[in-house]
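These notes are about the structure you will find just below.
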Amino acid sequence: MAIEVFNRYEHKYMLSEEQYAGAVEIIGKHMTADAYCQAGKPYTIANIYYDTKDDFLIRTSLQSPVYKEKLRLRSYGVPDEESDVFLEIKKKYKGIVNKLRSAMRLSDARALLGNKSTEITEKMNRQVVREIEYFLSVHAVAPKVYIAYDRIAYFEEGNPDLRISFDMNIRSRRFDTALEKGDYGTPLVSGGAYLMEIKTALSKPLWLCRMLDELGIKRTSFSKYGTEYKRSLAI
């Protein structure tokens with residue numbers, strides 16, 4: 001059984017190449033790259049975002065309500081039918097992010113998302129699956145967009161609460177909206193930009209606050225799905 005439950009703040013910052021280089025140098029003195037970063041190289045995260053026919057979920061999210069939610073299917077790299085993927089419900093209430101996710105085979109995730117009878121395997125968590133089933137009973141959703149990016153992430157030994165990630169080469173497509181269709185898409189942000197996310201339920205450590213100040217890094221509001229949706233309207 002695999003389940004991850006997160007309750008935390010997620011603060012986002014858009015960095016230039018110079019700011020990114022400075023941040024990585026400082027962060028490297030306090031934190032360690034996570035297990036997915038082989039030899040310090042970024043790894044690929046691919047997502048399929050699900051929404052209603054009239055894009056209710058993302059339209060609601062862009063209105064900055066007190067409460068909002070989204071459903072996505074995530075993989076690390078390009079999966080096949082038997083690969084493990086993660087089905088996630090992400091909720092945000094008054095700035096606090098709550099994320100429930102459960103691992104399962106891609107074939108099982110597809111069955112669940114298609115409202116077909118799904119056997120609860122040892123990889124899944126029954127509670128999370130039931131929440132997803134309820135979500136699907138309320139929202140008639142379908143795969144809307146593929147969004148992928150390359151990530152380098154850091155954690156602080158002895159402090160599982162703090163996590164910092166950098167996403168680069170963010171790309172998307174609104175066709176072939178299936179993880180197994182391959183990793184490609186149109187760039188979502190201009191080249192040379194790095195999206196940094198600081199995820200913690202506690203206050204930021206002093207060294208991190210000093211880093212943000214010294215490098216002139218300012219907090220911003222950025223949603224990958226929201227940015228992609230607004231771009232799709234402009235085409």
Side-chain angles (χ1 to χ4, degrees), residues 3-16 19-20 23 26-27 30-31 34 45 47-52 55-74 86-102 125 127-128 131-132 134-135 138-139 141 144-145 147 149 151-156 159-168 170 172 188-189 193-231 233:
I3 177 176
E4 295 183 61
V5 181
F6 306 95
N7 288 282
R8 63 197 182 189
Y9 292 98
E10 295 185 355
H11 295 166
K12 300 179 181 181
Y13 310 79
M14 196 63 73
L15 278 59
S16 65
Q19 288 173 319
Y20 168 73
I26 294 172
I27 290 171
H30 300 272
M31 305 182 74
D34 71 13
I45 297 177
N47 306 273
I48 301 294
Y49 285 84
Y50 287 75
D51 212 328
T52 63
D55 301 306
F56 172 80
L57 296 174
I58 188 58
R59 288 191 296 104
T60 300
S61 178
L62 289 173
Q63 294 170 5
S64 301
V66 173
Y67 172 81
K68 57 185 177 181
E69 58 187 352
K70 67 180 69 172
L71 177 70
R72 67 189 178 196
L73 182 63
R74 168 172 288 187
F86 294 91
L87 194 53
E88 304 180 345
I89 293 180
K90 190 172 183 180
K91 308 175 184 180
K92 191 172 184 179
Y93 178 68
K94 292 186 176 181
I96 299 178
V97 175
N98 171 257
K99 184 169 74 174
L100 291 173
R101 77 177 189 173
S102 181
N125 180 276
Q127 179 183 350
V128 174
E131 288 218 26
I132 292 170
Y134 176 75
F135 181 98
V138 175
H139 304 290
V141 299
K144 280 302 184 83
V145 62
I147 298 179
Y149 39 90
R151 169 171 288 183
I152 293 180
Y154 296 85
F155 68 96
E156 187 176 33
N159 179 17
D161 176 75
L162 178 64
R163 181 174 172 83
I164 300 177
S165 62
F166 295 93
D167 294 340
M168 58 207 80
I170 305 172
S172 68
L188 191 58
V189 297
Y194 298 81
L195 177 64
M196 181 177 74
E197 294 188 44
I198 299 175
K199 305 169 184 180
T200 180
L202 305 174
S203 59
K204 299 181 184 70
L206 182 58
W207 68 263
L208 183 54
C209 294
R210 287 175 174 168
M211 183 197 81
L212 297 174
D213 182 59
E214 291 172 1
L215 298 178
I217 297 173
K218 305 297 183 182
R219 186 177 165 189
T220 188
S221 175
F222 182 85
S223 162
K224 298 183 183 77
Y225 184 20
T227 300
E228 192 284 333
Y229 174 71
K230 288 186 285 186
R231 185 182 70 177
L233 295 178

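Along the sequence shown, residues carry numbers from 1. Note that these values count all heavy atoms, side chains included, but never hydrogens, waters or copies made by symmetry.
- In this structure, the side-chain contact (heavy atoms from CB on, under 4.5 Å) partners of Arg219, at least two apart in sequence or on a different chain, are His11, Tyr13.
- Legend: residues meeting side chain to side chain donor-acceptor pair (under 3.5 Å) with Arg59, ordered by chain and number and at least two apart, are Asp54.
- Checked against side-chain contact (heavy atoms from CB on, under 4.5 Å), Ile96 has the following partners two or more places apart in sequence or in another chain: Tyr9.
- With rounding to the nearest 0.5 Å, the separation of CD1 in Ile147 from CG in Asp167 is 11.0 Å.
- Atom-to-atom distance recorded for Leu215:CG and Arg210:CZ is 13.5 Å, nearest 0.5 angstrom.
- Taking the salt bridge (Lys or Arg N to Asp or Glu O under 4.0 Å) definition, one finds that Asp34 meets it with Arg163, sequence neighbours left out.
- Side chains of Leu162 and Phe155 form no contact here, defined as non-hydrogen atoms less than 4.5 Å apart.
- Scanning for ring pair (Phe, Tyr, Trp, His ring centres under 6.0 Å) contacts around Tyr194 gives Tyr20, with sequence neighbours left out.
- Put simply, the side chain of Asn125 gets close to the backbone of Val128: a donor and an acceptor are under 3.5 Å apart.
- In this structure Lys70 satisfies the salt bridge (Lys or Arg N to Asp or Glu O under 4.0 Å) test with no other residue, sequence neighbours excluded.
- Taking Thr60 as the reference, nothing meets the side chain to side chain donor-acceptor pair (under 3.5 Å) condition, with sequence neighbours excluded.
- With values rounded to the nearest 0.5 angstrom, Ile152 atom CD1 is found 13.5 Å from Met196 atom CE.
- At distances below 3.5 Å, at least one donor-acceptor pair connects side-chain atoms of Gln19 with backbone N or O atoms of Gly216.
- Within the 4.5 Å cutoff, side-chain heavy atoms of Lys204 are placed close to those of Leu212.
- Shown here for Lys68 and Ser61, the closest heavy-atom pair between the two residues is CD-OG, 3.3 Å.
- The OG1 atom of Thr227 lies 9.0 Å from the CG atom of Leu195; values are rounded to the nearest 0.5 Å.
- Side-chain atoms of Lys12 come within 3.5 Å of backbone atoms of Phe222 as a donor-acceptor pair (strictly under, hydrogens ignored).
- In this structure the side chain of Ser165 reaches within 4.5 angstrom of the side chain of Lys199, judged on heavy atoms.
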For this session: In sequence, state the C-alpha distance, the side-chain angles, and the governing distance for Lys144 and Ile58, and then conclude on side chain to side chain contact (heavy atoms under 4.5 Å, CB included).
Result: CA-CA 11 Å; Lys144 280 302 184 83; Ile58 188 58; over 6 Å; no

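- Within the 4.5 Å cutoff, the side chain of Ile164 has heavy atoms near those of the Ile27 side chain.
- The side-chain contact (heavy atoms from CB on, under 4.5 Å) search around Leu202 returns Asp161, Thr200, not counting sequence neighbours.
- With sequence neighbours left out, His139 forms a side-chain contact (heavy atoms from CB on, under 4.5 Å) with Thr52, Phe56, Leu57, Glu69, Phe135, Val141.
- Here the side chains of Leu15 and Phe166 are in contact, with some heavy-atom distance below 4.5 Å.
- A search for side chain to side chain donor-acceptor pair (under 3.5 Å) contacts involving Glu197 returns Lys224, not counting sequence neighbours.
- No side-chain donor-acceptor contact under 3.5 Å links Glu214 to the backbone of Met211.
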Please list, one pair per line, the donor and acceptor atoms closer than 3.5 Å that link side chains of residues 86-93 to other protein atoms, with sequence neighbours excluded.
unit_1 : atom_1 : unit_2 : atom_2 : d
Glu88  : OE1    : Arg72  : NE     : 2.6
Glu88  : OE1    : Arg72  : NH2    : 3.1
Glu88  : OE2    : Arg101 : NH1    : 3.1
Lys90  : NZ     : Glu10  : OE1    : 3.0
Lys91  : NZ     : Glu131 : OE1    : 3.2

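- Residues Met168 and Tyr149 are not in side-chain contact: their nearest non-hydrogen atoms beyond the backbone lie 4.5 Å or more apart.
- Rounded to the nearest 0.5 Å, atoms CG (Leu71) and CD1 (Ile48) are 11.5 Å apart.
- For Tyr225, the ring pair (Phe, Tyr, Trp, His ring centres under 6.0 Å) criterion is met by Tyr49, not counting sequence neighbours.
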